[in-house]
Amino acid sequence: MRLAHEGGMRSWSLKGRELVPVVQGGMGVGVSAGGLAGAVASLGGVGTVSSVDLRRLHPDLMAQTSHLESGKEPDARERINTANLVALDREIRRARLLSGGRGMVAVNIMKALSAYEIYVRQSLESGADAVVVGAGLPLDLPEIAKDHPDTALIPILSDARGVQLIVKKWEKKGRLPDAIVIEHPRLAGGHLGAAKVADLQDPRFEFDTVIPQTLEFFKSAGLEGKIPLIAAGGISTREDILRLQGLGASAVQMGTAFAVTLECDADPTFKKVLAEARPEDIVEFISVAGLPARGVRTHWLEKYLRVEPKLKAVAHIKTHCNMAFDCLAHCGLRDGKADMGQFCIDQQLAHAMEGDEDRGLFFRGAGTLPFGKDIRSVHDLMFWMMSGALPAGSDAVPSHAFKTGALA
């Protein structure tokens with residue numbers, strides 16, 4: 001906090017708690033769990049647990065459920081979902097313990113999940129400080145969380161029209177978003193807030209457009225100063241934060257930069273793939289969730305994109321989900337939708353988290369990374385983002401890694 005203030009950066013407040021202006025984005029499957037989220041929160045930021053299929057980080061829960069993925073057991077879906085709820089509770093409590101009461105612990109939940117509501121309820125019951133929802137409009141979130149007024153509710157949106165819709169709908173239900181993540185589809189990683197790949201370049205998503213438009217809407221609606229904005233996508237330097245705060249954002253959200261830290265919950269090979277990816281290795285495609293997505297062109301993704309037209313040509317409704325628990329409410333592979341992806345996203349993301357370069361889908365943002373190819377600690381990253389320098393005793397970093405941020 002001191003470093004941020006000394007460098008001309010503003011702290012921000014969420015539910016009455018003063019925070020450094022950095023939010024760690026939620027990344028699944030199992031990439032951002034209790035270890036990473038707790039480390040970020042312990043330094044005064046918002047650490048985020050991704051809710052998806054967290055049983056994979058717990059050998060005892062996998063031992064109880066991995067055999068159910070064949071779908072032969074009639075109650076397979078219920079038993080796997082139960083195991084995931086147990087894992088989610090464990091990871092939230094782990095993050096809170098590691099945080100030492102500092103910062104905030106959030107849970108990211110995709111609206112597109114079939115178990116979206118039960119994940120929200122478990123997060124609330126397990127004591128998450130905030131619930132962050134993307135991959136769809138969470139119009140029902142105020143009702144689900146009505147008994148938890150002290151938990152921050154944060155939707156992820158990409159343009160001013162989406163912000164107006166959410167705010168107006170929520171206001172009728174007696175609750176406003178406690179903050180809003182403005183995620184830039186051209187720069188972010190994973191699932192992106194646009195209807196199709198061609199829309200990723202739409203100028204309406206530019207921070208210089210959407211942040212002022214949103215602030216003007218807040219002013220006209222009598223909400224000026226009441227809903228902090230968190231800018232997400234392509235942020236890698238202190239200068240990026242200062243520029244975005246100058247536009248009116250209160251904080252920034254970073255995903256890939258935290259995915260390549262020592263504390264990230266994924267396998268070291270996962271971090272290596274992301275850190276060593278060159279700009280030409282990053283590719284956009286349509287996910288099985290029907291949303292544009294961005295990841296590293298690994299062996300698996302290269303092969304998938306090559307055969308995708310053939311897979312779409314023979315798309316058909318399957319009798320059951322590949323993994324038996326129907327992670328998505330609408331799945332291109334399971335539901336036979338030829339305009340959506342034709343692969344099992346849970347399986348491929350899990351392979352990536354485990355460090356399987358041949359079979360994994362490695363989601364990644366489009367921007368440069370603060371430390372180039374280096375894997376460093378959350379402490380080093382936060383110190384660098386707040387001050388533009390490394391802490392005493394840390395190895396020097398090549399200057400070429402810091403020429404400009406992705407937003408410069």
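- Remark: side-chain polar atoms of Thr237 are paired, donor with acceptor, to backbone N or O of Asp240 under 3.5 angstrom.
- Side-chain N or O atoms of Lys271 include one that pairs as donor or acceptor with a backbone N or O of Leu262 at under 3.5 Å.
- Under a 3.5 Å cut-off, the side chain of Gln342 and the backbone N or O of Lys337 do form a donor-acceptor pair.
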Residue pair His58, Glu91: steps toward the side-chain hydrogen bond (donor to acceptor under 3.5 Å, both in side chains) verdict: CA-CA 10 Å; His58 298 266; Glu91 294 301 326; 2.7 Å; yes
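- Panel note: side chain Thr209, backbone Phe205; no donor-acceptor pair is recorded below 3.5 Å.
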Residues 25-33 side chain polar contacts: donor-acceptor under 3.5 Å, at least two apart:
unit_1	atom_1	unit_2	atom_2	d
Ser32	OG	Met27	N	2.8
Ser32	OG	Met27	O	3.3
Ser32	OG	Thr48	O	3.1

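- Ring orientation note: the planes of His191 and Phe363 are nearly perpendicular, at an angle over 60° on the 30°/60° scale.
- Closest approach of Met382 to Val40, counting heavy atoms only: CE-O, 4.3 Å.
- At distances below 3.5 Å, at least one donor-acceptor pair connects side-chain atoms of Thr261 with backbone N or O atoms of Phe258.
- Listed by chain and residue number, Arg94 satisfy the side-chain contact (heavy atoms from CB on, under 4.5 Å) test with Leu98 (two or more places apart in sequence, or in another chain).
- In this structure, Arg364 contributes its side chain and Arg294 its backbone to no donor-acceptor pair below 3.5 Å.
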With a 3.5 Å cut-off and sequence neighbours excluded, list the donor-acceptor pairs that the side chains of residues 4-15 form with protein atoms.
unit_1	atom_1	unit_2	atom_2	d
His5	NE2	Ser11	OG	3.1
Glu6	OE1	Arg2	NH1	3.3
Glu6	OE2	Arg2	NH1	3.1
Arg10	NH2	Gln245	O	3.2
Arg10	NH2	Ala249	O	3.3
Ser11	OG	Glu18	OE2	2.7
Trp12	NE1	Val20	O	3.1
Lys15	NZ	Pro149	O	2.7
Lys15	NZ	Asp178	OD1	3.2

Trace of the side-chain hydrogen bond (donor to acceptor under 3.5 Å, both in side chains) decision for His299 with Glu357: CA-CA 7 Å; His299 173 76; Glu357 292 186 68; over 6 Å; no
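- Under the rule for a salt bridge (charged side-chain N to carboxylate O under 4.0 Å, His left out), the partners of Glu276 that lie at least two apart in sequence or sit in another chain are Lys272.
- Not a single side chain to side chain donor-acceptor pair (under 3.5 Å) links Arg175 to another residue, sequence neighbours left out.
- Judged by distance alone, with hydrogens and angles left aside, the side-chain atoms of Asp265 form a donor-acceptor pair with the main-chain N or O of Leu36 at under 3.5 Å.
- Every residue was checked against the salt bridge (charged side-chain N to carboxylate O under 4.0 Å, His left out) condition with Asp140, not counting sequence neighbours, and none meets it.
- A donor-acceptor pair under 3.5 Å links the side-chain atoms of Asp159 to the main chain of Gly162, judged by distance alone.
- Taking the six-membered ring where the residue is Trp, the centroids of Trp300 and Phe343 are separated by under 6.0 Å.
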